[in-house]
Amino acid sequence: MPTHALTRGPGVIAVVGLLVLIPACNDAAGPQLVDAPQPQFAEVAGAVCHGYVEPGCTVTFTATPANYTCARDCWGLPPQTGTVTVVFSRPVYHLTVTGGGAYDCSGTFGEVTAYDPAGQEVEHAPLQLVDVSNCQVANWAGIARVTLQYPGAIARITISPMTPLEWQYCMPGGDPNPVPGGDPNPAPVCYDLRALAGYGYDFQEQPPCPATGDSLLDSPDVRAGLLDALKASHPDLPPGSRVEVGGLIWRRPDGTFFTSVVPPGPTTTECHFDGNYAEGVLHPPEPGAQAVGKFHTHPSQAKDPVYGCKSQPGIRFAQFPGDRGLVPTARPDENGGGSDADWESGTSDAFSLYVINAAGRVYRLDPDVPPDRRTENPNRWEQTEVGAVCLRRVP
Amino acid sequence: MTITRATLWILAAGLLSGCLAASAQPALAQQPSSACGTDPARQTQVLQVVRGILTSPDSEPILAGLTPDSAALVSDARVCARAAQRINHLAGENQRDRAVYVVRVGQVWAVHDPTFRAGEWSPLVLFDSHWKLLKTLLAM
């Protein structure tokens, strides 16, 4: 019985077709083996974790029976005859199940039933063949997959077996290694095939973020860019040690978004961002990228003292703790999340300005909003939990 | 005619008020018109910001116990003149045409001058009833 070890690379689930060939009863030449197909690799977009401990992943699983798992090693999988039950050590999200083995193209490929932590069935979906090209040649295929649509937590799944479990495959040209001088028109050589599958899992350990209602904030890269900027502002440090960080939001030609930081300028402090957005817009970090928004941070919590405010000719604001001068107090959530200068900067260049403050609240300041409509800014979001990368709109 | 003690008190009070009026008059006369800002959008904005602070979970302790209803826009020219004078003092300037927006919250004056800047912010400045500076809030 030919078997193949699975190989894998980072972030790649490897599945291999395992073909069990049993000589058919009409095969007088005795048992014959056909080389098992080469390993096939299926890269699953967006997959984060696979059920074993690796960087950033801690959820494991227990499968019953245990030997239908291709998460790591897939030696000697037996034919699947019954349902496989997989229990995750913690609930997972956005689950994809990939079966690698041998499927009769004209059969069914098994079904996945998912259960939430309360044990309620939340989804039932069939696996589908990923690549049917081999079906034309040999009437079997090596990979079947299903991505569950249920957005919530999944604690357990069951995988029912494919059908048929055995079928016959006949090579129309006869023996691929004919005996010299043998029959020039040999009868087809047929094999009994037995279905097999080893299963791999791709999932996220954190819940997927809900839609924000803002096309830019729906981008994980934009949200991560805002959080990175906030982190670089050091809101966790004492007043006087923080700094505003700003940047631009870009759209690639393929429609995806990313952020870049704008150099802060010489007078940037925790009271003021002095970066030159207009200059930044002229220099896309990637070819073809187009600036579509800008952002900066407000690193002070409400009621914190703020240092480093640019002084006017006759007034001196304290530039650091202990400095003589007026020490103003932060109120970052008033006025719709931005200073009047923030609001006016959007009006001057027609870019919306995203402000993320030390409490993790994000505000979108649109151009041309008059002063009396700023406090009621409807474009505000908060983190779904402290430090989370997900945002939800504040009603 | 007998001048009673009560009459003296009345005369004294009259003289005193006359002196006060005389001393206040020049200060008010320096303002070419009312120092109260007249932009309706700004008036609404300042009032909303003050009321937002009053309802915020992070409300200012010096405004503790005050409700949004207690905040009211001030249109008294004398109050605005005094507020403008205090902002001038804070800014170290003698800007005669300063237009300020004043909201009275209990015993506190909340004053906003859009041209008075602290970094990127246009502060909301809180004074007590004697026009002593209480706080400068980076709220706008």
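Computed from a predicted structure; not experimentally measured. Naming convention: chains lettered A, B, ... in sequence-line order (proteins, then strands); numbering from 1 in each chain.
- Annotation: maximal heavy-atom pairing with chain B below 4.5 Å, among A:P328, A:S345, A:G336, A:S300, occurs at A:P328.
- Put simply, NZ on A:K303 and CD1 on B:I53 are 11.0 Å apart, with the number rounded to the nearest 0.5 Å.
- We find the CD-CD distance between B:E120 and A:E244 to be 4.5 Å, quoted to the nearest 0.5 Å.
- The two residues A:C309 and B:G119 have their closest heavy-atom pair at CB-N, 3.9 Å.
- Within a 6.0 Å sphere centred on CZ of A:R373, other residues, nucleotides and ligands contribute 12 heavy atoms or fewer.
- Between the side chains of A:N335 and B:Q45, at least one donor-acceptor pair of N or O atoms lies under 3.5 Å.
- Annotation: the span from B:R117 atom CZ to A:K310 atom NZ amounts to 10.0 Å, rounded to 0.5 Å.
- Although no hydrogens or angles enter the test, the distance criterion places a donor-acceptor pair under 3.5 Å between the side chain of A:R331 and the main chain of B:D58.
- Looking only at heavy-atom pairs under 4.5 Å with chain A, the residue among B:A118, B:G52, B:G92 that has the most is B:A118.
- One finds the CG atom of B:L137 at 5.5 Å from the OG1 atom of A:T329 (value rounded to the nearest 0.5 Å).
- Distance CH2/B:W121 to CG/A:D340: 9.5 Å, rounded to 0.5 Å.
- When heavy atoms are compared at a cutoff of 4.5 Å, B:S56 approaches chain A solely by way of its side chain, counted from C-beta outward.
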Practice task
Report the C-alpha separation of A:L326 and B:L90 in whole Å, then their side-chain angles, then the decisive distance to 0.1 Å, and conclude whether the side-chain contact (heavy atoms from CB on, under 4.5 Å) test is met.
Solution key: CA-CA 9 Å; A:L326 199 57; B:L90 258 186; 4.0 Å; yes
Practice task
Apply the test side-chain contact (heavy atoms from CB on, under 4.5 Å) to residues A:C271 and B:L138: give CA-CA distance (whole Å), side-chain angles for both, the deciding distance (0.1 Å), then the verdict.
Solution key: CA-CA 9 Å; A:C271 183; B:L138 302 182; 4.1 Å; yes
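- Between B:Q48 and A:E376, some side-chain heavy-atom pair lies under the 4.5 Å cut-off.
- Neither the backbone nor the side chain of B:L124 comes within less than 4.5 Å of any heavy atom in chain A.
- When each of B:L47, B:T44, B:D39 is checked for a side-chain contact (heavy atoms from CB on, under 4.5 Å) with A:D372, only B:T44 meets the rule.
- Neither the backbone nor the side chain of B:Q43 has a heavy atom closer than 4.5 Å to any heavy atom of chain A.
- Heavy atoms of B:T55 lying under 4.5 Å from chain A are absent altogether.
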